[in-house]
Amino acid sequence: MEFQKTPGWLDWYANPSRPQFKLPLGAVDAHCHVFGPGAQFPYAPERKYTPCDASKEQLFALRDKLGFERNVIVQATCHGADNSALVDALKYSNGKARGVVTVRRSVSDKELLELHEAGVRGVRFNFVKRLVDFTPKEELMEIANRIAPLGWHVVIYFEAVDLPELWDFFTELPTTVVVDHMGRPDVTKPVDGPEFELFIKLMREHSNIWSKVSCPERLSVSGPTALNGEQNAYRDVVPFARRLVELFPDRVLWGTDWPHPNLKNHMPDDGLLVDFIPHIAPTVELQEKLLVGNPMQLYWPEEV
Ligand SMILES: O=C(O)/C=C(\C=C(/O)C(=O)O)C(=O)O
């Protein structure tokens with residue numbers, strides 16, 4: 001079956017630069033995707049966008065070029081609850097990738113066990129309205145209660161404005177909870193303003209809640225251009241990410257978000273994204289936790 005990419009959506013950056021920042025040994029890209037290829041792994045009929053194909057081979061070539069050792073592959077909404085492309089990539093990775101899947105309440109215990117054996121360690125609940133239709137909270141809580149005994153966690157993706165309404169559900173989840181992209185703060189608002197303070201409160205009051213400090217390219221208004229020689233691309237996102245890294249150094253993760261779905265105006269150079277890291281994690285110790293210790297604890301605890 002032929003799939004046409006959503007018109008206007010950019011392809012991933014064809015030839016990313018080698019980062020100037022040298023990643024620590026064992027670094028983990030804790031948020032990335034594989035898409036299709038559509039001919040082998042068709043996209044979901046209910047999807048809200050159609051991406052360009054982005055294969056496991058291309059993902060792992062990027063891993064090696066940037067200097068990562070491992071990946072956490074996260075199911076994207078364009079594949080719905082068909083995790084076969086993700087599982088195929090996990091099996092191909094020789095244990096160097098873990099997965100976070102999307103499942104429905106109809107998933108069987110046998111299927112969950114098979115996913116676990118393939119390297120899956122979490123489920124993803126997406127609340128971004130442009131990406132998914134509404135799923136009843138009781139269905140999601142039922143899924144969370146079913147995956148908790150496997151030692152899995154729940155990854156959540158939401159808009160900052162929706163946090164108040166989702167607060168009770170998030171704080172009742174029975175597992176570790178990992179927030180994608182800092183809960184998508186509006187970086188034109190003050191980093192110590194009420195909106196981001198609410199997110200800080202969520203993490204401060206709930207030690208089972210972690211955050212990815214990723215996706216400056218999705219959140220930034222200032223964009224990738226360094227200013228006056230400053231190397232600080234996406235400088236308006238730095239205060240938000242750095243605050244989380246410094247306040248919660250043991251509960252933060254970082255990922256490229258390759259192949260960066262749904263970007264229309266600007267496609268980041270993945271090498272530049274890696275060079276963003278020292279601006280938000282300014283010490284070797286913080287970088288080690290962010291890129292190695294924390295993701296290893298969550299995804300490869302048996303090796304820690
Ligand atoms: O890839 C991301 O993490 C961000 C996006 C897409 C998805 O998460 C998805 O389709 O599952 C987005 O903001 O459009």
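No hydrogens, no waters, no symmetry mates; every other heavy atom, side chains included, goes into these values. Order of appearance sets the numbers: ligands from 1, and atoms from 1 within every ligand.
- Listed by chain and number, residues touching ligand 1 at under 4.0 Å (heavy atoms only) are H31, H33, Y49, A76, T77, R124, N126, R130, L131, Y157, H181, R184, R218, D257, P261, N262.
- Side chains of S55 and E57: a donor-acceptor N/O pair is present below 3.5 angstrom, by distance only.
- Applying the side-chain contact (heavy atoms from CB on, under 4.5 Å) test between V252 and each of I280, V178, L290 identifies L290 as the sole match.
- Proximity of a side-chain donor or acceptor of D257 to a complementary backbone N or O of C215 within less than 3.5 Å is not detected.
- Under the ring-ring contact (aromatic ring centres under 6.0 Å, His included) criterion, F158 pairs with F170, sequence neighbours left out.
- Side-chain N or O atoms of S211 include none that pairs as donor or acceptor with a backbone N or O of V213 at under 3.5 Å.
- The aromatic rings of H79 and F35 sit tilted, their planes meeting at an angle between 30° and 60°.
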